[in-house]
Amino acid sequence: MDVKQRINAFVQLGNFLSAFATNEWPGYESKISKTDFAQFNELINKAKIYNGWFTEGNVRKAITQWGNLLNSTKIENWLNKYPFPDNEPLKTIAVIMAGNIPLVGFHDLLSVLIAGHRALIKLSADDDKLIPYIVNYLTENIEPEFKNRITFASGKLEKFDAVIATGSDNSARYFNYYFSKYPHIIRKNRTSLALITADESPEDLQLLGSDIFDYFGLGCRNVSKILLPAGYDLNNIFRAIYPFHEIIHHKKYGNNYDYNKAIYLLNRESFTENGFLIMKPDDGLHSPLAVVFYEFYENMAQANRIIEKHLPQIQCIVGKQYVPFGKSQQPELWDYADNIDTINFLLNLN
């Protein structure tokens with residue numbers, strides 16, 4: 001199976017995923033059977049039963065985002081710079097996936113297969129339904145040759161040549177020890193930051209709400225810290241993000257909001273809130289769920305020093321000169337987690 005065949009398979013998969021923006025079957029012209037559509041649609045609707053954070057809206061958002069990414073133009077633009085070998089390397093890559101947001105581990109699976117390897121997948125218990133279904137559709141309906149290249153591991157990982165693992169800082173220490181003798185990519189906790197200059201429009205600030213609230217703020221690309229010019233009025237942000245206020249009605253998010261607010265009140269810590277988001281002055285980067293830290297800067301030199309201090313823990317920066325507002329959770333195929341080029345790693349395994 002050459003790289004063109006592999007690309008074509010994922011383009012077809014993208015067409016399948018794009019059909020699930022709504023509950024409505026797109027018709028026979030989509031080349032998706034009513035049965036296949038109904039089965040996956042039911043799984044989307046039931047995802048919250050297995051993981052309360054996986055609301056139907058968030059699952060559809062993740063699935064259709066992948067549908068938009070998996071088209072021939074984007075895939076070819078992604079892969080054009082890499083020298084693919086004539087013969088497939090077919091090494092076995094252990095992929096340990098996170099489960100904080102829907103399909104967060106899919107990019108690693110895609111990268112392993114596109115590079116011509118086999119994937120030995122260790123799913124997160126928080127996201128162990130969607131990816132197996134997508135893999136089954138890929139191998140049964142699109143490209144049967146992938147069937148012998150994808151294995152789901154239920155116990156100890158064995159017989160692999162390299163590792164890609166994503167987890168917390170604590171699990172990363174374990175991964176680094178356990179997999180030290182293998183070529184590996186080990187990802188740790190990261191989060192994202194927004195830089196406000198006071199030149200933003202209300203529309204920009206409303207889009208910032210997406211960077212904060214998409215997937216309830218659980219992703220490493222969600223903004224958890226905002227840098228503000230000295231004297232900036234927080235009400236500018238609170239007014240702009242009001243359209244997101246219904247997030248507080250989600251039980252798990254609301255519980256986190258209430259808990260963190262209670263802790264800050266008990267500790268007599270300074271914070272400002274609007275009923276669905278807490279903004280707390282703090283020089284840290286990783287804020288708790290339903291909280292965004294903020295820090296004032298006097299000039300851009302100081303802002304850059306703050307960014308530089310946190311850079312090893314920043315996944316992306318949102319702002320006028322950085323990732324556009326509202327786009328933090330819409331990465332391109334070449335926007336690698338932790339800025340580690342996964343395809344380059346996979347193509348250069350010894």
Side-chain angles (χ1 to χ4, degrees), residues 61 65 68-69 74 101 190-248 253 257 260 264 269-339:
K61 183 185 298 182
Q65 166 77 359
N68 293 334
L69 289 172
K74 284 184 178 289
I101 65 176
R190 287 209 179 201
T191 189
S192 297
L193 175 149
L195 176 63
I196 299 298
T197 63
D199 293 328
E200 293 77 16
S201 68
E203 291 75 21
D204 290 330
L205 297 179
Q206 182 172 331
L207 289 169
L208 174 62
S210 295
D211 302 314
I212 295 169
F213 297 113
D214 277 0
Y215 306 110
F216 298 104
L218 290 165
C220 61
R221 297 183 68 88
N222 285 109
V223 166
S224 65
K225 171 73 173 266
I226 303 178
L227 295 183
L228 302 167
Y232 189 87
D233 185 358
L234 295 181
N235 286 317
N236 293 332
I237 294 175
F238 282 138
R239 278 192 296 269
I241 65 172
Y242 182 75
F244 297 87
H245 68 279
E246 290 190 1
I247 195 171
I248 196 64
Y253 180 91
Y257 176 89
N260 288 314
Y264 294 150
E269 296 185 63
S270 176
F271 68 90
T272 306
E273 53 91 18
N274 65 349
F276 62 96
L277 179 70
I278 297 167
M279 294 192 67
K280 181 178 183 295
D282 198 299
D283 61 5
L285 184 66
H286 294 269
S287 62
L289 199 66
V291 180
V292 168
F293 290 158
Y294 67 91
E295 187 172 351
F296 291 115
Y297 63 88
E298 294 292 337
N299 49 55
M300 288 308 302
Q302 184 184 10
N304 289 331
R305 286 195 296 272
I306 295 170
I307 291 171
E308 186 69 26
K309 179 180 71 173
H310 293 298
L311 205 55
Q313 295 178 296
I314 293 175
Q315 191 67 264
C316 69
I317 301 170
V318 173
K320 287 285 191 180
Q321 305 300 319
Y322 298 95
V323 175
F325 290 103
K327 298 289 187 180
S328 70
Q329 280 294 357
Q330 299 177 40
E332 298 289 353
L333 292 168
W334 47 85
D335 291 328
Y336 294 107
D338 293 17
N339 296 315

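Start at 1 with the first residue, then count along the sequence.
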Can you name the nearest heavy-atom pair linking Ser270 to Pro281, along with the distance?
O-CD, 3.4 Å
Leu277 versus Ile247: any side-chain heavy-atom pair under 4.5 Å?
no
Kindly indicate whether the side chain of Thr191, heavy atoms from C-beta on, has any atom under 4.5 Å from the side chain of Gln313.
no
Any heavy-atom pair between the side chains of Gln206 and Pro243 that's under 4.5 Å?
yes
Starting from the C-alpha separation in whole Å, work towards a yes-or-no answer on side chain to side chain contact (heavy atoms under 4.5 Å, CB included) for Arg221 and Tyr215.
CA-CA 10 Å; Arg221 297 183 68 88; Tyr215 306 110; over 6 Å; no
Hey, is the main chain of Glu332 close enough, under 3.5 Å, to the side chain of Asp335 for a donor-acceptor pair?
yes
Side chain to side chain, Phe325 and Ile196, heavy atoms closer than 4.5 Å
yes
Heavy-atom neighbours of Lys327 NZ exceed 12 at 6.0 Å:
no
On a heavy-atom basis, the closest approach of Pro288 and Phe293 is CD-CZ, 3.8 Å
Could you state the interatomic distance from CG (Asn235) to CE (Met279), rounded to the nearest 0.5 Å?
10.0 Å
Hey, what do you get for CD (Gln329) to CD1 (Ile101), rounding to the nearest 0.5 Å?
4.5 Å
So which atom in Ser192 and which in Cys220 form the shortest heavy-atom distance, rounded to 0.1 Å?
OG-O, 2.9 Å
Check: Gly275 main-chain N/O paired with Tyr257 side-chain donor or acceptor under 3.5 Å:
yes
Using the six-membered ring wherever Trp is involved, compare the ring planes of Tyr242 and Phe276 and label them parallel, tilted or perpendicular (cut-offs 30° and 60°).
perpendicular
Are Val291 and Asp282 close enough that some pair of their side-chain heavy atoms sits under 4.5 Å apart?
no
Atom CG of Asp211 and atom CD1 of Ile317: how far apart are they, to the nearest 0.5 Å?
13.0 Å
Which atom names give the shortest non-hydrogen contact between Ile212 and Asn222, and what distance separates them?
O-ND2, 3.6 Å
Distance from Leu228 atom CG to Lys225 atom NZ, nearest 0.5 Å?
9.5 Å
Quick one, Tyr297 and Pro229 - any side-chain contact, counting heavy atoms below 4.5 Å?
yes
Where do Ile314 and Arg190 land on the side chain to side chain contact (heavy atoms under 4.5 Å, CB included) test, with the steps shown first?
CA-CA 6 Å; Ile314 293 175; Arg190 287 209 179 201; 5.6 Å; no
Can you tell me if Ser224 uses its side chain to pair, donor with acceptor, with the backbone of Leu285 under 3.5 Å?
yes
Reported OG-to-CG distance for the pair Ser328 and Asp214, which is rounded to 0.5 angstrom:
6.5 Å
So which atom in Tyr322 and which in Asn304 form the shortest heavy-atom distance, rounded to 0.1 Å?
OH-OD1, 4.2 Å
Minimum heavy-atom separation for Val323 to Cys316, with atom names?
CG2-CB, 4.1 Å
For side chain to side chain contact (heavy atoms under 4.5 Å, CB included), just list the numbers for Ile237 and Val292, CA-CA rounded to whole Å, side-chain angles, deciding distance to a tenth of an Å, and then say yes or no.
CA-CA 11 Å; Ile237 294 175; Val292 168; over 6 Å; no
Aromatic ring pairing Phe271/Tyr264, orientation class (parallel under 30°, perpendicular over 60°, tilted between):
tilted
Roughly how far, to the nearest 0.5 Å, is NZ of Lys320 from CG of Leu195?
11.5 Å
